[in-house]
Trainee: 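Just dropping this structure here.
Every value quoted in this text rests on a predicted model; they were computed, and no experiment measured them.
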Amino acid sequence: AADAEEALTALPLAPPTGLRAVCDGSMVKLSWQAGAGHDDDTNYLVTRTEQRPPMAPNDGTLVHQGSAGSCDDLHAPVARTVQYGVFAATGGRPSSRPAVIPVTLLPPVGRLEAEAGPSELVLHWSAHPDVHAVRVTRTPDGGQPSQVPVTGNSCQLTGLIEGQEQYFEVVAIYRGLDGTEMRSAAE
């Protein structure tokens, strides 16, 4: 039994299972399940790296350390693919291999509001500081989509037909490290 106990302390823990990542506004929400052999003394370390998976708990930026099965990354880089690694650790045993998931955060515009008059409309929104541009597309009921000129965090349309429904799509545009255009979900 003593030999088995000693051999067990040399084995790493099993990695966490079911790692999920959800982009929510300008943060990434991560959640996972305990792996085989994890108990109340198991501690989870979440790290973030760019371009490759984290290899060890001290590889990359430490995002979270604790016993909870979830955390939020409030400082995730925008428009870059990052890799999150969740490691399980407990006193006296080597940490687990990581559960890994890639994420590319593209925050949509927020606080989208419209001020409508009989023949005019003004849209306002807020955008992440790293946004490259915001594109607004207008589609009148039964009509063809067209781009709307944007000034700062708003756009204004005049000469609209009273009572005709208008559909607007507002998209935040980001630039990747290689200059490619990356679009957020539409609001």
Trainee: Whether the side chain of Tyr174 engages the backbone of Pro107 through a donor-acceptor N/O pair (distance < 3.5 Å, no angle test) should be reported.
Mentor: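 Side chain of Tyr174 to backbone of Pro107, a donor-acceptor pair under 3.5 Å: yes, one is there.
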
Trainee: To the closest 0.5 Å, what do you measure between CG (Leu30) and SG (Cys71)?
Mentor: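 So the gap between those two atoms works out to 4.5 Å.
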
Trainee: Under 3.5 Å, is there a donor-acceptor pair between the Gln144 and Thr139 side chains?
Mentor: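 Looking only at side-chain atoms, Thr139 and Gln144 do not form any donor-acceptor pair under 3.5 Å.
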
Trainee: Decide yes or no on side-chain contact (heavy atoms from CB on, under 4.5 Å) for His64 and Leu62, but give the supporting numbers first.
Mentor: CA-CA 6 Å; His64 169 79; Leu62 181 64; over 6 Å; no

Trainee: For Ala172 and Val131, which heavy atoms make the closest approach, and how far apart are they?
Mentor: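 Reported closest heavy-atom pair: CB-CG2, 3.8 Å.
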
Trainee: Could you tell me whether the side chain of Arg138 reaches within less than 4.5 Å of the side chain of Leu123, counting heavy atoms only?
Mentor: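 The answer is no, as the side chains (C-beta and beyond) never meet within the 4.5 Å cut-off.
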
Trainee: Taking C-beta and beyond as the side chain, do Ser95 and Pro57 meet within less than 4.5 Å on heavy atoms?
Mentor: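 Side-chain contact under 4.5 Å: yes.
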
Trainee: In Å, rounded to the nearest 0.5 Å, how long is the span from CD of Gln65 to CG of Leu45?
Mentor: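 Here the rounded value is 4.5 Å.
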
Trainee: Thr90 and Thr42: side-chain donor and acceptor closer than 3.5 Å?
Mentor: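 Thr90 vs Thr42: no donor-acceptor pair found between side chains.
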
Trainee: Does Lys29 pair with Asp24 as a salt bridge, N-O distance under 4.0 Å?
Mentor: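 Salt bridge: yes.
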
Trainee: Test of understanding: clusters of I, L, V, M, F, W, Y form through side-chain heavy atoms closer than 4.5 Å, transitively. Do Val86 and Val103 belong to the same one?
Mentor: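 Both belong to a single hydrophobic cluster.
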
Trainee: Between Val28 and Ala21, which heavy-atom pair has the shortest distance, and what is it?
Mentor: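 Closest heavy-atom pair between Val28 and Ala21: CG1-CB, 4.2 Å.
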
Trainee: Would you give the length of the straight line joining atom CE of Met55 to atom OG1 of Thr47, rounded to the nearest 0.5 angstrom?
Mentor: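 Separation between the atoms: 11.0 Å.
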
Trainee: In chain order, what residues pass the ring-ring contact (aromatic ring centres under 6.0 Å, His included) check against Tyr44, with sequence neighbours excluded?
Mentor: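 Tyr44: ring-ring contact (aromatic ring centres under 6.0 Å, His included) contacts with Trp32, His38.
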
Trainee: Verify the cluster assignment for Val82 and Met27: are they in a single hydrophobic cluster under the rule of side-chain heavy atoms below 4.5 Å apart?
Mentor: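 In one cluster with Val82: Met27, no.
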
Trainee: Can you check whether Val78's main-chain N or O pairs, donor with acceptor, with Asp130's side chain at less than 3.5 Å?
Mentor: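 A pair under 3.5 Å: no.
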
Trainee: According to salt bridge (Lys or Arg N to Asp or Glu O under 4.0 Å), does anything in residues 35-61 pair up with another residue at least two apart or in another chain? List the pairs.
Mentor: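 Applying salt bridge (Lys or Arg N to Asp or Glu O under 4.0 Å) to every pair that reaches into residues 35-61, excluding sequence neighbours, yields Arg48-Asp73, Glu50-Arg80, Arg52-Asp59.
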
Trainee: Please check if Val171 and Val148 belong to a single hydrophobic cluster, counting links between Ile, Leu, Val, Met, Phe, Trp and Tyr side chain heavy atoms closer than 4.5 Å.
Mentor: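 The answer is no; the residues belong to distinct hydrophobic clusters.
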
Trainee: Where is the tightest heavy-atom contact between Ala185 and Pro108, given as atom of each residue plus distance?
Mentor: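 Distance-wise, the nearest heavy atoms are O-CB, 3.7 Å.
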
Trainee: Identify, with sequence neighbours excluded, every residue that meets side chain to side chain contact (heavy atoms under 4.5 Å, CB included) alongside Glu181.
Mentor: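 Expected list: Arg135, Ile173, Arg175, Arg183.
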
Trainee: Report yes if the side chains of Pro140 and Glu165 come closer than 4.5 Å at any heavy-atom pair, otherwise no.
Mentor: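 Of all side-chain heavy-atom pairs linking Glu165 with Pro140, none is under 4.5 Å.
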
Trainee: What distance do Asn153 atom CG and Trp125 atom CH2 have between them, rounded to the nearest 0.5 Å?
Mentor: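 Result: 6.5 Å between the selected atoms.
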
Trainee: So, taking the atom named CG in Leu106 and the one named CE in Met182, what distance separates them when rounded to the nearest 0.5 Å?
Mentor: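 Going from the CG atom of Leu106 to the CE atom of Met182 covers 5.0 Å.
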
Trainee: Would you confirm whether Ser70, through its side chain, and Ser31, through its main-chain N or O, come within 3.5 Å as a donor-acceptor pair?
Mentor: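 Side chain of Ser70 to backbone of Ser31: no pair is present.
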
Trainee: Go through the steps for Glu162 and Ser119 under the test side-chain contact (heavy atoms from CB on, under 4.5 Å), then give the verdict.
Mentor: CA-CA 6 Å; Glu162 187 172 0; Ser119 63; 5.9 Å; no

Trainee: Determine whether Val136 and Leu112 fall in the same hydrophobic cluster, where Ile, Leu, Val, Met, Phe, Trp and Tyr are linked whenever their side-chain heavy atoms lie under 4.5 Å apart.
Mentor: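 In one cluster with Val136: Leu112, yes.
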
Trainee: Cluster question for you: counting only ILVMFWY and a side-chain heavy-atom cut-off of under 4.5 Å, with indirect links fine, are Val100 and Phe87 together?
Mentor: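 No, Val100 does not connect to Phe87 through the hydrophobic network.
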
Trainee: Of the non-hydrogen atoms in Pro16 and Ser96, which two are nearest, and what is the gap between them?
Mentor: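 The pair with the smallest heavy-atom distance is CD-OG, 3.9 Å.
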
Trainee: Hey, does the side chain of Ser126 reach the backbone of Gly110 with a donor-acceptor pair shorter than 3.5 angstrom?
Mentor: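 Flag set: sc Ser126 to bb Gly110 pair under 3.5 Å.
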
Trainee: Out of curiosity, Cys23 SG to Leu105 CG, how far, rounded to the nearest 0.5 Å?
Mentor: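 Reported to 0.5 Å precision, the distance equals 5.0 Å.
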
Trainee: So for atom CD, which belongs to Gln164, do other residues, nucleotides or ligands contribute more than 12 heavy atoms lying within a distance under 6.0 Å?
Mentor: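 Above 12, so yes.
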
Trainee: Have a look at His124 and tell me which of Arg111, Glu113, Gln156, Glu115 forms a side chain to side chain donor-acceptor pair (under 3.5 Å) with it.
Mentor: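 Going through the options one by one, the only one that passes is Glu115.
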
Trainee: Is there a side-chain contact (heavy atoms from CB on, under 4.5 Å) between Val46 and Tyr84 once you walk through the steps?
Mentor: CA-CA 7 Å; Val46 180; Tyr84 288 95; 4.2 Å; yes

